[in-house]
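The structure under discussion appears below in the form of structure tokens.
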Amino acid sequence: MPLLTNRKKSIIEYLYTAECEAREVVKVTDEYPDLTIEEAYELQDRLLAHKLKDRGTKIVGVKLGLTSKAKQKMMGVNEAIYGYLHNDMLAYEWEAINFAELIHPKVEPEIAFLMAEDLQGETITAEDVIRATKYIAPALEIIDSRYKDFRFTLVDVVADNCSSSKFVVGSKWVSPNAIDLENIGMVMSKNGKVEQTGSSAAVLGHPATAIAWAVNELGARGKGLKKGDIILSGAMSEAIAFMQGDTVIAEFDGLGSVSMHCK
Ligand code: OOG
Ligand code: MG
């Protein structure tokens, strides 16, 4: 990695403090409009290194973002991105999410992959991803951009670890060969009312294609997926906002359901 400049150091502290204090901040490119996407991925790595040092945060997997047209349109950014999942983002169906710790959270339905083996390369295909996958499971991702009004450019969102905040994985895990991964229907409801419907086909045509894209991006930066990693393949529909008292459930064809409650 290149030397850590004062400018990068101050951006890392800025984003870390915003997250710790659950406070929205002006986006980084307002102050540094010339930041590149490569620098944004470097900031993402540095932010994680900072969390590791400060509170022992460890990587448990990778998340993809903006892999569906619904999300790209919603956020006004038309490229896919990736970030890291940390141990302190793991949330559970039986443990309410604490609204006071978050800024302006939204939740989105995703398909999680659990890796059976390491996967690294620059010419990885969807078939390679499926071969290296042990199970898939239904998941909810809670995103909470640190930026004001949840608005950002591609560079901003990458530096902010792709708005990652928490994620919940459902309890039904199935082999990727036991299901038609290409077309898993999904219905997401809040407090009993349907809010979003979608299909796994919305995720770059096939969630494994999306993961192959991310592995190749990681590969170009000398990185890869590790055995045991959890991968969130990207939202299948638009994200929905939630508040204290809300319960959200996403039901997936053949995969069962996953839910979260906010207190
Ligand atoms: C960026 C993160 C997008 C997804 O699944 O598309 C994402 C955002 O929308 O704030 O996680
Ligand atoms: Mg997501």
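Order of listing sets the numbers, starting from 1, for every ligand and every atom in it. Owing to the predicted nature of the structure, the values given are computational and were not obtained by experimental measurement.
In K190, the NZ atom is crowded: over 12 heavy atoms of neighbouring residues, nucleotides or ligands sit closer than 6.0 Å. Summarising the local packing, OH of Y135 is surrounded by 12 or fewer heavy atoms from other residues, nucleotides or ligands at distances under 6.0 Å.
Of all N, O or S atoms in E110, the one lying closest to the Mg ion (ligand 2) is OE2. For E108, the N, O or S atom with the smallest separation from the Mg ion (ligand 2) is OE2. Of all N/O/S atoms in E141, OE1 sits nearest the Mg ion (ligand 2).
Closest protein heavy atom to atom 4 (C) of ligand 1: E108 OE2, 3.1 Å. Nearest protein heavy-atom contact of atom 6 (O) of ligand 1 is L66 N, 2.8 Å. Nearest non-hydrogen protein atom to atom 9 (O) of ligand 1 is K71 NZ, 2.7 Å.
If you look at K106 next to ligand 1, there are no close heavy atoms at all, none under 4.0 Å. Counting heavy atoms under 4.0 Å from ligand 1, residue M74 does not touch it at all. With a 4.0 Å heavy-atom cut-off, ligand 1 is reached by the side chain of S163 but not by its N, CA, C or O.
Under the 4.0 Å criterion applied to side-chain N and carboxylate O atoms, K63 and E110 are not assigned as salt-bridge partners. The residues E39 and R7 are annotated as salt-bridged, a charged nitrogen and a carboxylate oxygen being separated by less than 4.0 angstrom.
The ligand atoms of ligand 1 that sit less than 4.0 angstrom from a heavy atom of C162 are 1 (C), 2 (C).
Using 4.0 Å as the threshold, L64 has a heavy atom nearer than that to some atom of ligand 1.
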